[in-house]
Amino acid sequence: MRERLHAYAVDVGHPQLRVVPAENLHVTVVFLGDVARDSVEELAARLGRAAAREEAFTLAIGHALPGPPRRPYMLWALVSASEPLLRLSRVLHDAARPLAPAQSKPLRSYAHVTLARGRGHVRGIGAEAIAPAPPAFEVETVQLLRSHLSPGGARYETVAELSLGVRSPT
């Protein structure tokens, strides 16, 4: 999925946008902000317990669009509406609250994958279907990531892999 989305962003080829490396593409379920180093282990345990209570689910990505809406400076791949993803965001947000006081609010509508970034307002990009459409994919784990920011872009370090509960047979 990452390679397909990365290739799409490269094909867009907008001169004002820097394509995000494939290994950095991700859906942010909840942004935790700064967390004290001595709290990370407890945070991972809390998030792991919360994730284990949630069932695995399927996500799909269908459109690319400029973002954020008011003054776009990025190219986003929009994740199709998903109540399980929104619920997971709320559950993880609540579990992290005591250890991540600077976290953002949980997802309220659609999530996205940032495909490319620009500096300042970027013109000349519009919403369009990603073709060929990437296949839907199963979400069975989420990762707790630590970001290391630099002028060359972010580097992400996986702190913990959090397994979602097993989907009930249908």
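This is a predicted model, so every value here is computed, not measured. We count residues from 1, following the sequence as given.
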Pair Val113, Met1 - check side chain to side chain contact (heavy atoms under 4.5 Å, CB included), show working. CA-CA 11 Å; Val113 177; Met1 178 61 70; over 6 Å; no
Can you tell me if Ser82 uses its side chain to pair, donor with acceptor, with the backbone of Leu85 under 3.5 Å?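 Present.
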Counting only heavy atoms not in [X], do more than 12 sit closer than 6.0 Å to its [atom1] atom?
X: Glu23; atom1: CD; result: yes
X: Arg117; atom1: CZ; result: no
X: Asp11; atom1: CG; result: yes

Parallel, tilted or perpendicular: which one describes the rings of His112 and Trp76, with boundaries at 30° and 60°? parallel
Contact summary for [X] and [Y], nearest pair of heavy atoms:
X: Leu47; Y: Leu144; answer: CD1-CD1, 4.0 Å
X: Leu32; Y: Ala96; answer: CD2-CB, 3.6 Å
X: Leu145; Y: Val159; answer: C-CG2, 4.4 Å
X: His14; Y: Val122; answer: CE1-CG1, 3.3 Å
X: Pro68; Y: Tyr73; answer: CD-CE2, 3.5 Å
X: Ala81; Y: Tyr110; answer: N-CE2, 3.4 Å

Go through the steps for Glu55 and Arg87 under the test side chain to side chain contact (heavy atoms under 4.5 Å, CB included), then give the verdict. CA-CA 10 Å; Glu55 292 184 354; Arg87 185 178 54 250; 5.7 Å; no
Candidate pair Thr141 and Gln143, rule side chain to side chain contact (heavy atoms under 4.5 Å, CB included), full reasoning: CA-CA 7 Å; Thr141 62; Gln143 295 176 329; 5.5 Å; no
Once rounded to the nearest 0.5 Å, what's the spacing between atom [atom1] of [X] and atom [atom2] of [Y]?
X: Ile61; Y: Leu115; atom1: CD1; atom2: CG; value: 8.0 Å
X: Arg46; Y: Leu92; atom1: CZ; atom2: CG; value: 11.5 Å
X: Ile130; Y: Arg4; atom1: CD1; atom2: CZ; value: 10.0 Å
X: Glu42; Y: Leu99; atom1: CD; atom2: CG; value: 4.5 Å
X: His26; Y: Arg2; atom1: NE2; atom2: CZ; value: 9.0 Å
X: Asn24; Y: His6; atom1: CG; atom2: NE2; value: 9.5 Å

Look at the side-chain heavy atoms of Ile, Leu, Val, Met, Phe, Trp and Tyr, link any pair under 4.5 Å apart, and say whether [X] and [Y] land in one connected group.
X: Leu65; Y: Val19; value: no
X: Val91; Y: Val35; value: no
X: Phe137; Y: Val142; value: yes
X: Phe31; Y: Met74; value: no

Please tell me whether His121 and Arg123 have a donor and an acceptor in their side chains that are separated by less than 3.5 angstrom.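 Result is yes, a qualifying pair exists.
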Student check: side-chain heavy atoms of Val30 and Leu107 closer than 4.5 Å: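 SC-SC contact between Val30 and Leu107 ruled out.
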